[in-house]
Colleague: 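Here it is, the structure in full.
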Amino acid sequence: MIALYNGTIYSGKRFYEAILLDGKWIKSIGSNEAIRRQATSQDQQIDLGGRLVLPGFIDSHAHGPLSISRTLGKIDLYPAETQDQYLQIIRQFVEENPEQELYSGMGWLNPAFGELGPDKESLDAICSSKPIVLCSGDGHSTWGNSRAIELAGITRTSEDPEGGTIEHNADGSIRGTFRDQAKDYLQNLVPDASADDYKEALMNFQDMMAGYGHTAVFDAMVDLNSNMHQAYRELNRDGQLKIKCVLAYTSDPENPELSLAQYEKAKVVKEGKLTEGTIVKVFVDGVVEGGTAFLKEEYCHQKDYYGEPLWEQEALNQFCAAVDRMGYDLHFHVIGDAAAAEMLTAMEFVHQKNGEKLRNTVAAHMQLVDPKDYQRLKALDIRISSNPYWFVKAPGYYENIELPFLGNRAELEYPMKSFFDLGLIVSAGSDYGVTPQPYPPAGMQIALLRTLYGKDHTILKDVLNAAEAIDLEEALDAFTINGANTMGIEDMTGSLEVGKHADLVVMEQNLFDTDAADFYRTEVYMTISEGEIIYKKRE
């Protein structure tokens, strides 16, 4: 057993001094004296020195191994911020790797470029004889050179796929940026990473997340029978998963019948630290920065354009009903207010069609939501996977993209307090690698202040939708028990309770005694997953 004394143990909105772990389980929580009576001299003793102990953090929406595998030995654009920096990294990589037949990578961001995104000519100047295919940091756009576009068979007369956009210059020529469903035209040229590469990526991801205090992560996009899926299973089989991983199977709006056939054959797995066969992920729309989010009112920069949903309403209704009948929960990607309404209509149909109480339905992101739809959310008990790391007027994004695209609606982005007030279960996710440093206290800071990190950057005019700020207890719930709930594992983790798994994080600083503007400066001292210390700060 492990006995942790002299701490500030946060359990059930109350504070205790000590906690006793028996293998993977929490055996007891109480005073130092009470825990000492139960522990023996053979048990490991840890003096917390007054440190704060919280339930292990839970990321309710991430893409860890996918993001890392796309930069593992490839072009990593995440460290850069400007077009010149991106091109410098690409040029250096190409010069250092002349043997490669195709160059790929990930991490560029839209604010570094104009409304139409990056152009093919800047890549052609670096390499025109081999394809270059670069996924954006948010995963919703792809940037390619002329050779890649040629190999994909795309010409200036090629039509946009449903739910996607091929960007064109004013003269009708292809720009080089492909949005959402169109991005696959180029992305399909890139061979999938091997299972071994995914395993390496997943191990690196786990180490990072453990250092940030996570004990569970929801991977929101795993293809059945893919190399990434195989990597998860093999690591779990070999006992190498350090944190709990819950997987969502992807869906294909262009071939829903194939997706349903795959789900029918899949089996529920709840063993080791892996849970799968319980959740299906559905993209309803795209993203604002790509002009592919589905809105109730037109985009301000493009008359009579509202974006497009990835599904026709009836098709989404029938697909969701079929998935529900199979026993899966649904996890939706929803950005625009019209997409939120479409999701709600689909789940109302499911409720009517299947004649049973809906299970765990989760809507992720929810950037714009019409308050007229709030009661529909409540009636269906929709759970929310929010992204507090994004709740700021981000330089470049806000003034160059969100305001020009959305107008006054940009001021109303990312409701969170409203969802808590409705009585909904609200969790928090990073959408890693969109958020390159998914440190939960930093996300909590933004959820409380709705502005950038640190007192030096907390200027009133930079606050985004201040009415949606939440308090610390709500933020802690979002990053712990509510995350467990949206993932369907709340019976085993998410709170410090006797009989639950020993998943906890020890903080160097007490968040309850720290100014919210300094949360990003706090540090994780120790992370324990199912009774095993998986991270400890170097002394």
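For reference, positions follow the sequence shown, starting with 1. All values below were derived from every heavy atom in this structure, side-chain atoms included, with hydrogens, water molecules and symmetry-related copies excluded. Treat the numbers as computed from the prediction; the structure is a model and nothing was measured.
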Colleague: For atom CG of D238, is the number of surrounding heavy atoms from other residues, nucleotides or ligands below 6.0 Å larger than 12?
Modeller: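 Counting other residues, nucleotides and ligands, CG of D238 exceeds 12 neighbours.
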Colleague: State, with a plain yes or no, whether a side-chain heavy atom of D431 is found less than 4.5 Å away from one of H63.
Modeller: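 When only atoms from C-beta onward are counted, H63 and D431 do touch, with a gap below 4.5 Å.
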Colleague: Which is it for R409 and E413 under the salt bridge (charged side-chain N to carboxylate O under 4.0 Å, His left out) test, yes or no, and what are the steps along the way?
Modeller: CA-CA 7 Å; R409 288 169 293 181; E413 289 179 314; over 6 Å; no
Colleague: Would you tell me whether Y232 and D219 have side-chain atoms, one donor and one acceptor, within less than 3.5 Å of each other?
Modeller: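 Judged by distance alone, the side chains do pair up.
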Colleague: Below 6.0 angstrom between ring centroids: does that apply to H365 and H61?
Modeller: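 Close enough - the centres of the two rings lie under 6.0 Å apart.
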Colleague: So, for S385 and G429, which heavy atoms are closest and what is the spacing to 0.1 Å?
Modeller: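 Heavy-atom minimum between the residues: OG-N, 4.5 Å.
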Colleague: Just jot down the ring-ring contact (aromatic ring centres under 6.0 Å, His included) partners of H214, sequence neighbours excluded, or say none.
Modeller: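 By the ring-ring contact (aromatic ring centres under 6.0 Å, His included) rule, H214 matches no residue at all.
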Colleague: Just jot down the ring-ring contact (aromatic ring centres under 6.0 Å, His included) partners of Y328, sequence neighbours excluded, or say none.
Modeller: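 For Y328 the ring-ring contact (aromatic ring centres under 6.0 Å, His included) partners, ignoring immediate neighbours, are Y263.
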Colleague: Would the W143 and F113 ring centres measure less than 6.0 Å apart?
Modeller: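 Close enough - the centres of the two rings lie under 6.0 Å apart.
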Colleague: On the ring face of F283, is K281 found with NZ or CZ under 6.0 Å from the centre and within 45° of the axis?
Modeller: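 Here K281 passes the 6.0 Å and 45° test against F283.
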Colleague: Looking only at heavy atoms, which two atoms of P415 and V369 are closest? And how far apart?
Modeller: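 In this case the closest contact between P415 and V369 is CG-CG2, 4.1 Å.
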Colleague: In this structure, which one of K500, K24, K242 forms a salt bridge (Lys or Arg N to Asp or Glu O under 4.0 Å) with E530?
Modeller: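 The passing option is K24.
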Colleague: Restricting to side chain to side chain contact (heavy atoms under 4.5 Å, CB included), what partner residues turn up for L448, sequence neighbours left out?
Modeller: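 Here the qualifying residues are I470, L472, A475, A516, F519.
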Colleague: Decide whether D84 and T82 meet the rule of one side-chain donor and one side-chain acceptor closer than 3.5 Å.
Modeller: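 No, no side-chain donor-acceptor pair sits under 3.5 Å.
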Colleague: Write out all pairs satisfying ring pair (Phe, Tyr, Trp, His ring centres under 6.0 Å) with one or both partners inside residues 490-515, taking only residues at least two apart or from two chains.
Modeller: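 Ring pair (Phe, Tyr, Trp, His ring centres under 6.0 Å) check on residues 490-515 returns Y10-F512, F15-F512, W25-H501.
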Colleague: For the pair K378 (side chain) and L422 (backbone), establish whether a donor and an acceptor sit closer than 3.5 Å, ignoring hydrogens and angles.
Modeller: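 Yes, because the side chain of K378 sits within donor-acceptor range (under 3.5 Å) of the backbone of L422.
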Colleague: So, T142 versus Q187: side-chain donor-acceptor pair below 3.5 Å or not?
Modeller: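 Q187 and T142 do have a side-chain donor-acceptor pair below 3.5 Å.
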Colleague: Salt bridge or not for D477 and K13, using N-O below 4.0 Å?
Modeller: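 Salt bridge between D477 and K13, a charged N being under 4.0 Å from a carboxylate O: yes.
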Colleague: Identify, with sequence neighbours excluded, every residue that meets side chain to side chain contact (heavy atoms under 4.5 Å, CB included) alongside E17.
Modeller: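 E17 satisfies side chain to side chain contact (heavy atoms under 4.5 Å, CB included) with S31, N32 once adjacent residues are dropped.
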Colleague: Can you tell me if E234 and Q230 form a side-chain donor-acceptor pair at under 3.5 Å?
Modeller: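 Yes, because at least one side-chain N or O of E234 sits under 3.5 Å from a partner of the opposite role on Q230.
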Colleague: Report the C-alpha distance between R233 and E276 in whole Å, list the side-chain angles of each, state the deciding distance to 0.1 Å, and finish with yes or no for salt bridge (charged side-chain N to carboxylate O under 4.0 Å, His left out).
Modeller: CA-CA 10 Å; R233 287 190 163 185; E276 64 167 294; 2.9 Å; yes
Colleague: Please give me the minimum heavy-atom distance between M487 and A216, naming the atom from each residue.
Modeller: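 Reported closest heavy-atom pair: CE-CB, 4.2 Å.
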Colleague: So, the side chain of D47 versus the backbone of G49: is there a donor-acceptor pair under 3.5 Å, distance only?
Modeller: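 Present.
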Colleague: Quick check: does any side chain N or O of Y389 sit under 3.5 Å from a backbone N or O of P436, one acting as donor and the other as acceptor?
Modeller: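 No.
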Colleague: Can you give me the closest heavy-atom contact between S495 and I26, atom names plus distance?
Modeller: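 That would be O-CD1, 4.4 Å.
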Colleague: Going by the angle between their ring planes, with limits at 30° and 60°, are Y432 and F205 parallel, tilted or perpendicular?
Modeller: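 Tilted, since the angle between the ring planes falls between 30° and 60°.
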Colleague: If we ignore hydrogens and angles and just use 3.5 Å, is the side chain of E411 paired with the main-chain N or O of N408 as donor and acceptor?
Modeller: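 Checking the backbone N and O of N408 against the side chain of E411, no donor-acceptor pair under 3.5 Å is found.
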Colleague: Should the heavy atoms of other residues, nucleotides or ligands under 6.0 Å from CD of Q88 be counted, would the total exceed 12?
Modeller: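 Counting other residues, nucleotides and ligands, CD of Q88 stays at 12 neighbours or fewer.
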Colleague: How are the rings of W390 and Y414 set relative to one another: parallel (under 30°), tilted (30 to 60°) or perpendicular (over 60°)?
Modeller: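 If you compare the ring of W390 with that of Y414, the planes turn out perpendicular.
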Colleague: Restricting to side chain to side chain contact (heavy atoms under 4.5 Å, CB included), what partner residues turn up for I89, sequence neighbours left out?
Modeller: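 Checked I89 against side chain to side chain contact (heavy atoms under 4.5 Å, CB included); matches are I75, L77, A80.
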Colleague: Would you check if there is a donor-acceptor pair between the side chains of T435 and S430 at a distance under 3.5 Å?
Modeller: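 No, T435 and S430 have no side-chain donor paired with an acceptor closer than 3.5 Å.
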Colleague: Near K372 NZ, under 6.0 Å, is it more than 12 heavy atoms from other residues, nucleotides or ligands?
Modeller: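 Counting other residues, nucleotides and ligands, NZ of K372 stays at 12 neighbours or fewer.
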Colleague: With a 4.5 Å limit on heavy-atom distance, are the side chains of I19 and L504 in contact?
Modeller: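 Touching, per the 4.5 Å side-chain cut-off.
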Colleague: Is it the case that the side chains of E33 and Y5 hold a donor-acceptor pair, with the cut-off being a distance below 3.5 Å and no angle test?
Modeller: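 Short answer, no.
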Colleague: Looking only at side chains, do T40 and D43 share a donor and an acceptor under 3.5 Å apart?
Modeller: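 Checked: T40/D43 side chains pair up, N/O donor to acceptor below 3.5 Å.
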